Q: 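Mind having a look at this structure? Questions to follow.
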Number of protein chains: 2
Amino acid sequence: MMTVMPRRRTQEERREETRARLLRATVEALRDQGLTRMTTPDIARRAGVSRGALTYHFASREDLLVDSIAWLLDQATAGLRKLCDAYPAPTMPIEALVDYLWDMMAGGLFQVTMEFLPEARHNAPFRERLLPVVREFHAALDASWTRLSAVAGIPREEAQVSLNATMCLIRGMIAQNVLRNDPAYYAAMLDWWKRQLRGWLGQDAGGAARPLPAPILAAFAVAEPPRQRLVRERARRQAGGG
Amino acid sequence: MMTVMPRRRTQEERREETRARLLRATVEALRDQGLTRMTTPDIARRAGVSRGALTYHFASREDLLVDSIAWLLDQATAGLRKLCDAYPAPTMPIEALVDYLWDMMAGGLFQVTMEFLPEARHNAPFRERLLPVVREFHAALDASWTRLSAVAGIPREEAQVSLNATMCLIRGMIAQNVLRNDPAYYAAMLDWWKRQLRGWLGQDAGGAARPLPAPILAAFAVAEPPRQRLVRERARRQAGGG
DNA sequence: ACAAACAAACACGCAAGCCTGTTCTTACGG
DNA sequence: CCGTAAGAACAGGCTTGCGTGTTTGTTTGT
């Protein structure tokens with residue numbers, strides 16, 4: 001209302017911008033409020049458009065959700081490829097990649113994933129729509145790791161085990177973080193893990209001082225989510241359930 | 001209706017039985033349908049009591065949920081202690097404990113956990129009520145592992161790192177399982193992990209043939225959830241969003 | 001002019017919480 | 001030993017809030 005009055009965008013521009021705003025807003029709502037508290041009116045508010053615009057571009061809440069997740073994983077995939085390109089083939093230290101993966105996952109990617117995994121578990125059509133999306137992401141992940149291990153002369157299969165274990169470990173750590181907020185604990189475990197990886201992948205112990213590129217997902221810069229207070233929290237009897 | 005007409009239970013018995021039925025039904029609903037699809041009418045139906053009985057014993061859905069999770073973790077804790085008692089101190093092979101943890105977590109415990117973790121993340125009071133409950137569980141976990149490692153002469157801190165890593169790995173594997181159902185993949189990773197643990201904990205490679213006690217949580221015998229079709233799945237326009 | 005893009009109000013379903021009424025258990029008096 | 005009253009345990013209907021999907025109306029671009 002009464003802003004700079006945007007000059008005559010083309011239809012395609014209008015369309016794409018609105019959709020992009022909605023996708024981004026959806027991911028943010030998903031991260032900040034969780035899937036159950038994420039409502040379409042709130043998404044529209046965040047995106048700065050009306051709810052009507054939302055329903056015009058996305059037939060259902062679930063459609064919007066799927067597209068948002070795809071968008072998020074595309075961002076992450078792009079970031080991975082960028083990281084690979086940033087390092088000439090033989091120079092990427094394993095620590096750099098692990099740290100990057102951690103920042104990426106703990107920086108919001110896996111928090112968001114934890115929001116929709118239960119839904120995927122109980123909603124078969126939704127799950128099916130997600131499968132190709134996550135497969136593409138994991139392919140990019142695998143490519144990074146394989147390239148790194150190929151330089152070290154590690155057999156592909158062995159390398160994949162260590163990658164998969166690394167990812168699972170990170171997932172488990174982030175899950176635990178919900179009920180155990182203890183940064184030092186996770187930092188120590190991650191360091192320990194990197195030492196193990198060094199051993200398996202045969203890189204010597206003198207890793208670079210990890211010149212990490214800033215996380216690609218600027219939207220997820222906050223490690224600890226805002227934990228905004230609940231809108232829907234209602235007054236409850238104070239009786240403790242007995 | 002015309003069943004054997006239960007004979008004059010005492011008030012306490014009535015109370016405890018109904019509460020127990022509700023707690024168990026809640027956990028089952030949580031596992032089979034997920035937190036969002038889990039409704040109090042359905043829980044009452046599963047438990048074979050009326051919804052009025054449910055609201056009489058539990059002031060709110062959240063109260064019921066908290067008590068159910070506490071009940072579930074108590075079962076798991078008891079199972080852990082039982083496992084420890086089943087093995088004379090120096091005889092428990094690391095494989096047995098890891099397998100037990102896997103069966104316990106993958107058999108339902110962590111699926112259920114994944115259902116309420118997002119809620120805990122966004123609902124501070126709920127999270128606070130959960131903290132002491134999970135702490136007790138982890139204490140039992142820690143006791144089992146420490147005892148095992150003490151026999152092997154491993155420093156407590158080192159042992160704890162390997163326990164925590166094991167648990168995180170298992171969590172991450174189960175999370176991934178939602179979108180990648182591939183038993184062989186997880187079996188291989190777990191075997192690989194057990195070999196690593198052997199090395200760190202200094203046990204020789206000739207482990208016993210793991211005479212695992214049956215999982216305590218009989219309710220979670222199914223590894224793959226029934227994946228029952230969605231009650232709430234509604235007709236949607238077939239238009240693919242956009 | 002026409003259609004795409006957006007806005008706002010409406011309608012439906014649903015689940016949680018609440019309230020009222022009924023059955024069972026127990027304590028107490030005869 | 002029985003009858004009875006009080007309270008706990010249970011059953012079922014009602015109400016309200018809310019979020020989605022839908023529809024109708026308005027603006028912007030071609």
Side-chain angles (χ1 to χ4, degrees), chain A residues 1-3 5-22 25-26 29 33-45 47-65 119 123 230-239 241-242, chain B residues 1 3 5-22 25-26 29 33-45 47-65 119 123 126 230-239 241-242:
Chain A
M1 58 271 283
M2 202 55 68
T3 40
M5 200 50 60
R7 275 289 84 76
R8 268 244 168 219
R9 294 169 298 169
T10 178
Q11 292 284 52
E12 168 124 9
E13 283 171 347
R14 283 179 77 190
R15 177 183 179 83
E16 287 315 308
E17 185 185 326
T18 303
R19 284 179 66 95
R21 293 166 71 106
L22 283 168
T26 302
Q33 314 182 270
L35 182 59
T36 59
R37 288 171 234 267
M38 179 193 90
T39 74
T40 46
D42 178 68
I43 291 173
R45 217 174 306 121
V49 303
S50 73
R51 212 180 84 84
L54 186 152
T55 67
Y56 174 77
H57 286 286
F58 300 93
S60 74
R61 184 185 117 119
E62 191 167 302
D63 285 348
L64 174 56
L65 183 59
E119 178 65 17
N123 183 337
L230 330 169
V231 182
R232 296 181 56 194
E233 187 66 16
R234 277 165 269 182
R236 294 244 152 98
R237 328 183 190 167
Q238 55 197 7
Chain B
M1 52 285 272
T3 41
M5 198 50 57
R7 275 291 84 72
R8 266 250 166 218
R9 294 169 298 169
T10 181
Q11 292 283 53
E12 169 124 11
E13 284 170 346
R14 283 181 77 188
R15 176 183 180 82
E16 287 314 310
E17 185 186 325
T18 302
R19 285 179 65 96
R21 294 166 70 109
L22 283 167
T26 302
Q33 313 182 274
L35 182 58
T36 58
R37 287 171 235 267
M38 179 192 89
T39 74
T40 48
D42 179 68
I43 291 173
R45 216 175 306 121
V49 302
S50 72
R51 215 180 83 84
L54 186 152
T55 67
Y56 174 77
H57 286 287
F58 300 94
S60 73
R61 185 184 116 117
E62 190 168 304
D63 285 348
L64 175 56
L65 183 60
E119 178 66 18
N123 182 338
F126 177 66
L230 329 169
V231 182
R232 295 183 55 195
E233 187 65 16
R234 278 164 270 180
R236 295 245 151 96
R237 326 183 192 170
Q238 52 197 11

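These numbers were taken from a predicted model, which means no experiment stands behind them. Below, chain A is the first sequence line, B the second, and so on; all start at residue 1.
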Q: Picking from C:dT26, C:dC18, D:dG21, which would you name as closest to the side chain of B:T55?
A: C:dC18

Q: Measure from the side chain of A:V49, starting at C-beta and using heavy atoms only, and say which of C:dC6, D:dT20, C:dA7 lies closest.
A: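 The closest nucleotide is C:dA7.
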
Q: Quick check: on DNA chain C, is the nucleotide nearest B:T40 upstream (toward 5') of the one nearest B:E12, or the reverse? Name the residue that is more 5'.
A: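 Comparing both residues, the 5'-ward one is B:T40.
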
Q: Hey, is the side chain of A:H57 poking within less than 4.0 Å of OP1 or OP2 on C:dC6, counting only N and O atoms?
A: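 Looking at the OP1 and OP2 atoms of C:dC6, one of them is under 4.0 Å from a side-chain N or O of A:H57.
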
Q: Hey, does the side chain of B:R21 reach the backbone of B:A47 with a donor-acceptor pair shorter than 3.5 angstrom?
A: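 Yes, the answer is positive, given that a donor and an acceptor are paired below the 3.5 Å cut-off.
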
Q: Checking side chain to side chain contact (heavy atoms under 4.5 Å, CB included) for the pair B:R61/B:L35: CA distance, chi angles, key distance, verdict?
A: CA-CA 11 Å; B:R61 185 184 116 117; B:L35 182 58; 3.4 Å; yes

Q: Between the base of C:dG17 and the side chain of B:R51, is there a donor and acceptor pair under 3.5 angstrom?
A: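 Counting by modelled atom types and ignoring angles, a donor-acceptor contact under 3.5 Å is found here.
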
Q: May I have the distance from B:L65 (atom CG) to C:dA15 (atom P), rounded to whole angstrom?
A: 16 Å

Q: Rounded to the nearest 0.5 Å, what's the gap from CZ on A:R37 to CG on A:D42? Could you check?
A: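 Atom-to-atom, A:R37:CZ and A:D42:CG are 12.5 Å apart.
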
Q: Please state how far atom CZ in A:R19 lies from atom P in C:dA4, giving the value in whole angstrom units.
A: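 Nearest whole value for this atom pair: 15 Å.
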
Q: For the pair made of CE in A:M38 and P in D:dC18, what is the distance, rounded to whole Å?
A: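 Computing the A:M38:CE to D:dC18:P distance gives 18 Å.
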
Q: Would you kindly compare A:G52 and A:P41 by the position of their nearest DNA chain D nucleotide and give the one closer to the 5′ end?
A: A:P41

Q: Just the rounded figure in Å: distance from C1' of D:dA8 to CD of B:E13.
A: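 In whole Å, D:dA8 C1' lies 15 Å from B:E13 CD.
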
Q: Between D:dC10 atom C1' and B:R21 atom CZ, what is the distance in whole Å?
A: 13 Å

Q: Can you figure out which of D:dA11, C:dC6, C:dT25 approaches the side chain of B:R14 most closely?
A: C:dT25

Q: Let me confirm one number: the CD-CD distance from B:E62 to B:E119, rounded to the nearest 0.5 Å.
A: 6.0 Å

Q: Of all the nucleotides listed (D:dG19, C:dA5, D:dC10), which has the minimum atom distance to the side chain of B:T18?
A: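 Nearest to the side-chain atoms of B:T18, counting from C-beta on, is D:dC10.
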
Q: Which nucleotide in the list C:dC6, D:dA11, D:dG19 gets nearest to the side chain of B:S50?
A: D:dA11

Q: Just how far, in rounded Å, is P of C:dG17 from CG of B:L64?
A: 10 Å

Q: Has A:T10 got a side-chain N or O lying under 4.0 Å from the OP1 or OP2 atom of D:dT30?
A: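 Answer is yes, contact under 4.0 Å.
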
Q: With a 3.5 Å distance limit and no angle check, can you tell me whether B:T10 reaches the backbone of B:E13 through a side-chain donor-acceptor pair?
A: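 Not at all, since once roles are kept as given, no pair shorter than 3.5 Å links the two residues.
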
Q: Any side-chain N or O of A:Y56 less than 4.0 Å from the OP1 or OP2 oxygen of C:dC6?
A: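 Result: no.
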
Q: Of all the choices, D:dG19, C:dA15, D:dA9, which nucleotide is nearest to the side chain of A:T39 once you look at every atom?
A: D:dG19

Q: Quick one: B:F58 CZ to D:dA9 P, roughly how many Å, whole number?
A: 12 Å

Q: Using whole Å, report how far CD of B:E62 lies from P of C:dA15.
A: 18 Å

Q: Closest to the A:R15 side chain: D:dT22, C:dC19, C:dA5?
A: C:dA5

Q: How long is the straight-line distance from CG of B:L65 back to CD1 of B:I43, given to the nearest 0.5 Å?
A: 8.0 Å

